[in-house]
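In what follows, a single structure is set out as structure tokens and then discussed.
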Amino acid sequence: MEVSNDKFCSWINDLDPRTNIKSLTNDINCDWLIIGAGFTGLSAARKLGAIHPNKSITLVDAQIAGEGASSRNSGYLVDTTLNDGFTSDKDLENYKKKTDIYKLGIETVKKFIKEHQVDCDFNESGKYYASSKFEDKKILENFSKTLSNLDFENELLFNKDLKKRLGTDFYNIGLYTKGGILLHPGKLVRAMIDTLPSNVNLIENSFLINWKINKGKIICEFKKGTIKTKKIIFATNGFLKSLGIKKNYNFPLTLTASMTRPLTDKEYANIGSPKEWGLLSVRPMGATVRMTKNRRILIRNTAEVLNPFQMSKLELEKRTHIQRIGIKKRFPQLPNDIIESSWSGIVSRTRNSSQIFEKIDDNIFVAGCYNGSGVGVGTLFGEQIAIKASEENSEEIKIIEQKKNPTWLPPEPFLNIGVKTRLFYERLRSSSEI
């Protein structure tokens, strides 16, 4: 089943449409093939182009490059995440390994932005974790201690201070962390497309049907042609499982989000004219909310096990209704018809929230499963998997490979039942935060 392009995402609609889109129409031979042109695939292609300027590199995406999950996320470049789990000194050590990877991801994105003078609304504003429930104070106090032990600057806040900063009195307890960064994901990923090396052949709207190894060659079959290559990197993240890649170690989740039109001067003044901010829920299934640079409100408050290849307009409208309720709970003074667009996107999860970064067979490499940190970690892993596939090494790879490996998942239908049950449970626990 092919992945269809849509025009429902505000981040994408902010950009001028690209006109130089080329699909696969004939057979191709290349030295390197990368499947997936999001943050990971684009970063891998850029690095391979630099390492191997005289080699042919083909980068293929099932839809328009960068317009999958990379442009559809909430635009957080995270330095810490709350729901990774840490309850002992040993877990604290593992959590530090994760934050070391997040730090490398931030540095990699910063380096790209500086090198190419990218305007992507980059804002080192930090981020908030917050809840409407006072009983979540203990969770945030424990998290604050963990962050302080790892030298992350943070500040515990309560209702009045949160209202001043966010423009809503919905939240009663929150933790501000200084290191997080907000940006426009569509602008960032578009810059990665525009700066691809000349020896990278970008092919779009070309869905990989099947792939196999034959006599040392990797053969990839598409609707209108075949690509034969010597080495391949899979960077499809949420679609790894559907391609049979590490299928017992990852699974896709469908997230949906909505964004309002820009607030008028009066509407903005009525909520206190807050500076740009980003907020993550204390509860795993609670809402992610952002006030953007141009006064739009983004909300993401659904995560589901669905067909990753499509979501009907009717299904999307049902989720828009949920997000409209979420906005009204936080900003009751805003009009009911303020949502401008809604969209879905696919993320990849693992059982223990670890990432995939490895060689899985001769000349076959994979990177993915960012568990909500794809802007930074996806960019980092793309560059570093290109280095690893080139049989080189780096300090970044040494740090990445210190992480835990993803743990095994049960087969279907047990996996599907288990994930749906856990999501239902977390949704009930987070019902007040949606």
Side-chain angles (χ1 to χ4, degrees), residues 72-76 78 80-87 127-144 146 156-159 162-163 166 168-177 180 251-259 277-291 297-306 311 315-316 318-332 339 342-353 370-374 416-434:
R72 295 168 184 271
N73 68 63
S74 299
Y76 288 73
V78 299
T80 60
T81 52
L82 173 57
N83 294 304
D84 279 322
F86 41 89
T87 56
K127 65 183 182 305
Y128 298 85
Y129 296 95
S131 172
S132 66
K133 292 181 171 295
F134 277 115
E135 53 262 42
D136 286 337
K137 179 182 177 183
K138 189 66 177 177
I139 296 173
L140 289 177
E141 285 178 337
N142 288 338
F143 187 46
S144 175
T146 297
L156 201 63
L157 300 165
F158 295 91
N159 182 271
L162 286 169
K163 183 177 181 180
L166 307 178
T168 172
D169 59 6
F170 176 80
Y171 298 101
N172 287 307
I173 182 75
L175 185 72
Y176 172 73
T177 62
F251 61 92
L253 283 181
T254 298
L255 310 183
T256 52
S258 292
M259 187 180 284
W277 54 263
L279 181 146
L280 302 170
S281 175
V282 172
R283 304 277 180 171
M285 287 291 289
T288 294
V289 189
R290 264 193 71 176
M291 173 68 69
I297 299 170
L298 177 148
I299 184 168
R300 198 280 308 155
N301 61 2
T302 66
E304 303 165 276
V305 179
L306 295 172
M311 176 180 282
E315 288 175 318
L316 188 58
K318 291 178 180 177
R319 287 146 188 85
T320 302
H321 176 69
I322 295 171
Q323 284 146 12
R324 186 177 295 111
I325 292 172
I327 291 174
K328 289 295 288 185
K329 285 167 68 173
R330 291 160 175 81
F331 302 99
I339 289 179
S342 301
W343 63 91
S344 64
I346 309 301
V347 298
S348 183
R349 300 286 306 191
T350 57
R351 188 174 188 172
N352 61 344
S353 297
Y370 305 119
N371 304 290
S373 59
N416 205 341
I417 294 170
V419 174
K420 285 185 175 181
T421 301
R422 180 60 185 268
L423 290 177
F424 178 74
Y425 168 73
E426 293 293 355
R427 193 176 293 117
L428 283 178
R429 292 183 68 224
S430 306
S431 58
S432 65
E433 306 306 303
I434 292 174

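As a basis for the values below, the full set of heavy atoms in this structure was taken, side chains included, without hydrogen atoms, waters or symmetry mates.
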Should the ring pair F143 and Y129 be called parallel, tilted or perpendicular, given that the plane angle runs from 0 to 90° and is split at 30 and 60?
-> perpendicular
Kindly determine whether W343 and M259 satisfy side chain to side chain contact (heavy atoms under 4.5 Å, CB included), including the steps that lead there.
-> CA-CA 9 Å; W343 63 91; M259 187 180 284; 3.9 Å; yes
Criterion side chain to side chain contact (heavy atoms under 4.5 Å, CB included) on Q323 and T302, from CA distance to verdict = CA-CA 8 Å; Q323 284 146 12; T302 66; 4.0 Å; yes
What's the verdict on side chain to side chain contact (heavy atoms under 4.5 Å, CB included) for L423 and L253, showing C-alpha distance, side-chain angles and the deciding distance?
-> CA-CA 10 Å; L423 290 177; L253 283 181; 3.8 Å; yes
Counterpart residues, salt bridge (charged side-chain N to carboxylate O under 4.0 Å, His left out), relative to K137 (two or more places apart) | E141
Does the side chain of Y425 come within less than 4.5 Å of M285's, by heavy atoms?
-> no
Heavy atoms of S342 and L316 approach each other most closely as O-CD2, 3.4 Å
Check each of R319, K420, R427 against E304 using the side chain to side chain donor-acceptor pair (under 3.5 Å) test, and report the only one that passes.
-> R319
Stepwise, does the side chain to side chain contact (heavy atoms under 4.5 Å, CB included) test hold for L156 with I173?
-> CA-CA 8 Å; L156 201 63; I173 182 75; 4.2 Å; yes
Heavy atoms of G174 and L162 approach each other most closely as N-CD1, 3.6 Å
Does some side-chain heavy atom of R72 sit less than 4.5 Å from a side-chain heavy atom of L255?
-> no
Side-chain donor/acceptor of N159 to backbone N/O of D169, under 3.5 Å | yes
Salt bridge (Lys or Arg N to Asp or Glu O under 4.0 Å) assessment of E315 paired with K318 | CA-CA 5 Å; E315 288 175 318; K318 291 178 180 177; over 6 Å; no
Could you check if a side-chain atom of E433 sits within less than 4.5 angstrom of a side-chain atom of V282, using non-hydrogen atoms only?
-> no
Say whether, by atom type as modelled, one donor and one acceptor occur between the side chain of R290 and the main chain of S74 under 3.5 angstrom.
-> yes
Matching residue for Y171 among R330, K163, K133 - test: side chain to side chain donor-acceptor pair (under 3.5 Å) | R330
Passing candidate, side-chain contact (heavy atoms from CB on, under 4.5 Å) with V289, options L166, I297, T168, I327 | I297
At their closest point, which heavy atom of S373 faces which heavy atom of V78, and how far apart are they?
-> CB-CG2, 3.7 Å
Return yes if some donor-acceptor pair links the side-chain N/O of N172 with the main-chain N/O of F158 below 3.5 Å, else return no.
-> no
